[in-house]
Amino acid sequence: MLPTNGYAAMTAKAALLPFVFERRNVGPHDVLIAITHCGVCHSDIHQARDEWGNSIFPMVPGHEIVGTITQIGNSVTGFHVGETAGVGCFVDSCRTCPACREGLEQYCEAGMLLTYSGRDKDGQPTQGGYSSQIVVDEHYVLRIPSALSPAGAAPLLCAGITTYSPLRHWGVGKYHKLAVVGLGGLGHMAVKIGKALGTEVTVLSTSERKRKDAERLGAFDFALTSQPETFTRLRRRFDFVLDTVSAPHNYNDYVNLLKTDGTMILLGAPDKPTLVEPFPLILHRRRIAGSVIGGIRETQEMLDFCATHHIESDIEVIPIQQVNEAYERVLKGDVRFRFVIDLVSLK
Ligand code: NAP
Ligand code: ZN
Ligand code: ZN
């Protein structure tokens with residue numbers, strides 16, 4: 001076994017603390033990655049605080065992982081030692097169901113094996129990227145293009161693919177108007193990727209302070225969701241609404257911003273349900289849909305797309321010792337737009 005340093009939540013809502021645990025030895029199909037950077041996703045906070053009710057403790061969060069390959073198993077063919085590699089939200093799946101065979105491992109019928117807070121085949125809990133190293137089967141590892149910086153690429157492994165996948169799935173492009181609700185980690189990636197796809201992007205935010213950021217990111221328009229006139233001015237304007245908000249809120253307001261046949265795509269995962277009114281959907285044949293991350297093939301496609309379009313996440317790099325403070329700041333919307341942990345600080 002491989003002794004590994006990390007930071008863990010020992011129980012729900014407890015502050016994260018230094019934690020030593022063991023990774024499995026490198027198997028024939030595995031690579032060992034010395035982690036250099038890991039993004040802080042809002043899902044890490046939901047899970048470390050057991051807001052979705054399925055957390056496993058002790059928990060080392062982190063699923064936006066970038067590092068350097070330091071060892072490979074005998075049968076590994078796709079990676080070599082010294083290469084920069086990434087790991088996202090899952091590290092295995094059944095590999096045989098129709099979803100897995102289509103490259104949609106995130107919709108695996110047996111359930112994808114989450115990078116952390118999952119239960120591996122040997123019964124051991126998986127542990128994430130707020131740690132010094134990780135052992136992963138090569139089929140679940142991504143190549144980080146050399147045009148991307150490791151720190152700026154890390155958030156692409158969740159925030160990037162979570163926004164890229166639905167935009168591609170629904171064919172969002174040049175002739176569409178897209179509203180992005182919530183300008184956080186996911187939201188700012190949606191603006192960048194939406195813009196690169198040629199879409200007219202409007203940001204809907206609770207924070208007047210983010211107006212300038214939205215402009216800088218290339219948004220066409222910005223509106224405050226606290227102002228009732230936003231919902232009259234933008235009524236029936238959009239083909240798509242991409243909702244990235246992490247807390248419960250009224251979906252019906254946003255449905256009314258869709259054109260006939262428009263689609264509202266839920267990405268944010270609040271811990272409480274919301275009442276949906278039928279009439280705004282019925283009367284304009286609108287849809288509410290959802291989407292979770294993306295498969296391995298599409299994640300690689302997204303990384304290559306971002307390299308081609310010079311897209312990285314806007315980040316604030318922190319040492320691991322500041323992770324608890326970073327969680328509080330994420331909850332206040334006080335980050336532009338993703339904290340990334342520099343794991344050198346763990347040594
Ligand atoms: P984040 O950086 O905290 O961004 C969320 C944004 O939502 C905030 O910046 C804020 O934007 C807005 N917001 C927060 N609280 C709000 C409230 N009470 N009312 C209205 N707006 C509020 O979080 P993230 O990492 O982007 O993640 C966002 C959500 O997506 C989380 O629930 C996360 O678990 C989920 N997620 C889902 C997937 C998936 O596959 N579907 C993947 C990753 C994450 P403004 O300041 O602009 O209002
Ligand atoms: Zn995430
Ligand atoms: Zn499967």
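First listed ligand is number 1; within each ligand, the first listed atom is number 1.
Distances from ligand 1 to the non-hydrogen atoms of Gln106 include no value under 4.0 Å. At a 4.0 Å cut-off, at least one heavy atom of Lys210 sits close enough to ligand 1 to count as contact. Using a 4.0 angstrom heavy-atom cutoff, Trp52 counts as in contact with ligand 1.
Figure legend: Arg143 and Phe79 shown as a cation-pi pair, the cationic atom lying under 6.0 angstrom from the six-membered ring centre and within 45 degrees of its axis.
No side-chain donor-acceptor contact under 3.5 Å links Thr115 and His63. For the 3.5 Å distance criterion, the side chains of Glu277 and Tyr251 fail to qualify, holding no donor opposite an acceptor. In this structure, a donor-acceptor pair under 3.5 Å is present between the side chains of Glu312 and Ser149. One side chain, Arg23 or Ser131, offers a donor N or O that lies under 3.5 Å from an acceptor on the other. For the residue pair Asp92/His139, the side-chain donor-acceptor check at 3.5 Å is not satisfied.
The contact set between ligand 1 and Gly268, taken as ligand atoms under 4.0 Å from a residue heavy atom, comprises 29 (C), 30 (O), 32 (O), 35 (C). Using a 4.0 Å cut-off to heavy atoms of Ser205, the atoms of ligand 1 that qualify are 45 (P), 46 (O), 47 (O), 48 (O). Heavy-atom contacts of Ser207 reach the following atoms of ligand 1: 45 (P), 46 (O) (cutoff under 4.0 Å). Close approach of ligand 1 to Leu183 (heavy-atom distance below 4.0 Å) involves ligand atoms 9 (O), 11 (O), 45 (P), 47 (O). Atoms of ligand 1 found under 4.0 Å from any heavy atom of Arg338 (numbered from 1 in listed order, with element): 24 (P), 25 (O).
Residues Lys192 and His309 fail the side-chain proximity criterion, which asks for heavy atoms closer than 4.5 Å. When side chains are defined from C-beta on, Ile193 counts as touching Phe305, because their heavy atoms get closer than 4.5 Å. Two residues are said to be in side-chain contact when any heavy atoms from C-beta on lie closer than 4.5 Å; Leu242 and Val181 fail this criterion.
Remark: at the Zn ion (ligand 3), atom SG from Cys108 and atom SG from Cys100 enclose 100°, rounded to the nearest 10 degrees. Vertex the Zn ion (ligand 2); arms to His63 atom NE2 and Cys158 atom SG; angle 110° (nearest 10°).
Salt bridge status for Arg235 with Glu229: absent, with no side-chain N to carboxylate O gap under 4.0 Å. Ionic pairing of Glu200 and Lys174 is not present here: no N-O contact between side-chain nitrogen and carboxylate oxygen is shorter than 4.0 angstrom.
In summary, Cys89 places no N/O/S atom under 2.8 Å from the Zn ion (ligand 2), failing the contact criterion. Among the backbone and side-chain atoms of His42, no N/O/S atom is found under 2.8 Å from the Zn ion (ligand 2).
Counting heavy atoms only, Leu186 comes closest to atom 26 (O) of ligand 1 of the residues Leu186, Val40, Asp44. By heavy-atom distance, the residue among Ala159, Gly187, Gly184, Ala269 lying nearest atom 6 (C) of ligand 1 is Gly184.
The only option from Lys259, Met264, Lys177 that meets the side chain to side chain contact (heavy atoms under 4.5 Å, CB included) definition with Phe238 turns out to be Lys177. For the side chain to side chain contact (heavy atoms under 4.5 Å, CB included) criterion with Tyr130, the lone passing option out of Asn5, Ile341, Ile65 is Ile341.
Contact annotation: for Cys158 versus ligand 1, heavy atoms closer than 4.0 Å belong to the side chain alone. Contacts with ligand 1 closer than 4.0 Å are made by side-chain heavy atoms of His46 only, the backbone lying farther away. Counting heavy atoms under 4.0 Å from ligand 1, residue Thr162 touches it through the side chain alone.
Qualifying side chain to side chain donor-acceptor pair (under 3.5 Å) partners for Arg24, counting only residues two or more places apart in sequence or in other chains: Asp30, Asp120.
Of all protein heavy atoms, the one closest to atom 44 (C) of ligand 1 is Ser43 OG, 3.2 Å. Atom 20 (C) of ligand 1 has its closest protein heavy atom at Thr206 CG2, 3.3 Å. Here the protein heavy atom with the shortest distance to atom 3 (O) of ligand 1 is His42 ND1, 2.7 Å. Among all protein heavy atoms, the one lying closest to atom 28 (C) of ligand 1 is Thr244 O, 3.0 Å. Looking only at heavy atoms of the protein, atom 37 (C) of ligand 1 is closest to Leu267 O, 2.9 Å. Among protein heavy atoms, the minimum distance from atom 40 (O) of ligand 1 is reached at Ile293 N, 2.8 Å. Nearest protein heavy-atom neighbour of atom 2 (O) of ligand 1: Gly185 N, 2.8 Å. Val245 CA, 3.7 Å is the protein heavy atom nearest to atom 7 (O) of ligand 1.
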Step by step, work out the ring pair (Phe, Tyr, Trp, His ring centres under 6.0 Å) result for Tyr7 and Phe19. CA-CA 5 Å; Tyr7 259 58; Phe19 177 65; over 10 Å; no

